[in-house]
Amino acid sequence: MSVDGFWSGWSSWSDCSSSCIPAGRAPTRSRHRSCSNPAPSTSPPGRGCHGDARATEICSHLPHCPVNGGWGSWSPFSSCPVTCGVGLQVSLRRCDSPAPKHGGQSCPGEGRRTSVCRTNVHCPVDGTWSEWSPWKPCKFPFGAREIRCLNRGGSQTRERQCLHRAHNGSICNGDALTERRVCYDVSRCHLKGSWEGWEPWSLCTPACGGNSRRFRKRRCTPDYSGYR
């Protein structure tokens, strides 16, 4: 009498083929069973088990694997942004081949690079004022003789220059190359004065003995109230 085969129970699921879900292909796990409960007889032959001895399923319960970012191609350099002198052209790349996902690392390095571009055209250079020269000696306005203790005063001048202008740059703002002012020369004048307060006493010199002395000073400040 023949005996037909019958399946044994399924084994436990195996471990997933990966601990996380990578991009492009999901991990799987499998289990198996045998046609041994009972096995089909061979003489006379029994019928084998109907169905698959192995089962496979996708491990959809796992987290996604981290995906580190990768750089895309550099873009062409931008056109030169200036019409004279030198400028900087810029080329960019993006971290999108692939973009970082699921906690993966961003792309290392820079996403921007520059290159110097030259136009071979000089840029205009605007003029800048120099520092004023020192005031010239005080002179009488008529005849240019020196002023000596004259209350009505004389005049003196100072000068500056517009420097560094080149390649059709703008001239310096304003047109005052020379400044003039009223001046006085009070040397040898007999001016009224007023006393300032006394300074503190000095230490005694020598420090002991009958001829020890100390000093203090005050200053006589000239009165310039009659001069502008």
Side-chain angles (χ1 to χ4, degrees), residues 1-129 163-173:
M1 180 177 178
S2 65
V3 177
D4 294 337
F6 195 80
W7 290 115
S8 66
W10 285 104
S11 67
S12 299
W13 286 106
S14 67
D15 292 334
C16 293
S17 58
S18 175
S19 60
C20 58
I21 301 176
R25 186 174 62 183
T28 59
R29 64 179 181 175
S30 63
R31 63 180 180 175
H32 64 273
R33 61 183 176 175
S34 63
C35 189
S36 60
N37 189 28
S41 62
T42 58
S43 180
R47 288 180 299 180
C49 298
H50 179 73
D52 296 325
R54 180 182 178 87
T56 303
E57 72 173 5
I58 295 173
C59 297
S60 58
H61 63 284
L62 297 175
H64 288 277
C65 297
V67 178
N68 294 332
W71 286 115
S73 299
W74 285 104
S75 69
F77 277 100
S78 62
S79 59
C80 198
V82 296
T83 57
C84 64
V86 297
L88 281 180
Q89 297 171 291
V90 179
S91 174
L92 303 175
R93 61 178 177 174
R94 297 184 181 276
C95 186
D96 58 2
S97 297
K101 294 179 182 178
H102 312 303
Q105 296 180 350
S106 184
C107 299
E110 299 295 331
R112 182 177 184 270
R113 63 181 178 178
T114 59
S115 176
V116 175
C117 55
R118 293 174 172 81
T119 63
N120 296 322
V121 176
H122 289 292
C123 290
V125 179
D126 296 337
T128 56
W129 287 115
L163 303 177
H164 311 307
R165 178 175 176 262
H167 309 298
N168 296 320
S170 300
I171 63 173
C172 297
N173 187 25

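One is the number of the first residue; the rest follow in order along the sequence. Bear in mind the structure is a predicted one, so any value in this text is a computation, not a measurement.
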A.B. asks: Who are the side-chain hydrogen bond (donor to acceptor under 3.5 Å, both in side chains) partners of Ser36, not counting sequence neighbours?
C.D. replies: Ser34

A.B. asks: Applying salt bridge (charged side-chain N to carboxylate O under 4.0 Å, His left out), name anything that partners Arg47, two or more places apart in sequence or on another chain.
C.D. replies: Asp4

A.B. asks: Report the residues that fulfil side chain to side chain contact (heavy atoms under 4.5 Å, CB included) with His61, sequence neighbours left out, ordered by chain and then residue number.
C.D. replies: Cys16, Cys59

A.B. asks: Within a reach of under 6.0 Å around CD1 of Ile171, are more than 12 heavy atoms found that belong to other residues, nucleotides or ligands?
C.D. replies: no

A.B. asks: Check for a donor-acceptor pair, side chain of Asn168 on one end and backbone N or O of Pro124 on the other, with a separation under 3.5 Å.
C.D. replies: no

A.B. asks: Output yes when a side-chain donor or acceptor of Ser8 lies under 3.5 Å from a complementary backbone atom of Asn37, and no otherwise.
C.D. replies: no

A.B. asks: Would you compute the distance between atom CG of Asn173 and atom OG1 of Thr128 and round it to the nearest 0.5 angstrom?
C.D. replies: 12.5 Å

A.B. asks: Who pairs with Arg118 by side-chain hydrogen bond (donor to acceptor under 3.5 Å, both in side chains), at least two apart in sequence or on another chain?
C.D. replies: none

A.B. asks: Run the side chain to side chain contact (heavy atoms under 4.5 Å, CB included) test against Pro22 and tell me which residues pass, sequence neighbours left out.
C.D. replies: Ser18, Pro27, Cys65

A.B. asks: Which residue pairs pass the salt bridge (Lys or Arg N to Asp or Glu O under 4.0 Å) test with at least one member in residues 76-87, sequence neighbours excluded?
C.D. replies: none

A.B. asks: Of all heavy-atom pairs between Gly48 and Pro40, which one has the smallest distance, and what is that distance?
C.D. replies: CA-CG, 4.2 Å

A.B. asks: Quick one: list whatever passes side chain to side chain contact (heavy atoms under 4.5 Å, CB included) with Pro100, sequence neighbours left out.
C.D. replies: Cys95

A.B. asks: With rounding to the nearest 0.5 angstrom, report the CH2 to CZ distance, Trp10 to Arg31.
C.D. replies: 5.5 Å

A.B. asks: Out of curiosity, Trp13 CH2 to Ser30 OG, how far, rounded to the nearest 0.5 Å?
C.D. replies: 7.5 Å

A.B. asks: Tell me the closest heavy-atom pair linking Gly5 and Cys49, and the distance in Å.
C.D. replies: C-SG, 3.5 Å

A.B. asks: Please set out all donor-acceptor pairs under 3.5 angstrom arising from side-chain atoms of residues 101-116, sequence neighbours excluded.
C.D. replies:
none

A.B. asks: Which residue pairs pass the salt bridge (Lys or Arg N to Asp or Glu O under 4.0 Å) test when at least one of the two sits in residues 76-96, sequence neighbours left out?
C.D. replies: none

A.B. asks: Return the set of residues passing salt bridge (charged side-chain N to carboxylate O under 4.0 Å, His left out) with Arg29 (not counting sequence neighbours), or none when no residue passes.
C.D. replies: Glu57

A.B. asks: Run the side-chain donor-acceptor check on residues 75-86: report pairs under 3.5 Å with partners two or more places apart or on a different chain.
C.D. replies:
| residue | atom | partner | partner atom | Å |
| --- | --- | --- | --- | --- |
| Ser75 | OG | Leu92 | N | 2.9 |
| Ser75 | OG | Leu92 | O | 3.2 |
| Ser78 | OG | Val90 | N | 3.0 |

A.B. asks: For His32, enumerate each residue passing the side-chain hydrogen bond (donor to acceptor under 3.5 Å, both in side chains) test, keeping only those at least two apart in sequence or located in another chain.
C.D. replies: Ser11

A.B. asks: Please find the pair of heavy atoms, one from Leu163 and one from Cys172, that lie closest to each other, and give the distance.
C.D. replies: N-SG, 4.4 Å

A.B. asks: Between Phe6 and Pro38, is any pair of side-chain heavy atoms under 4.5 Å apart?
C.D. replies: yes

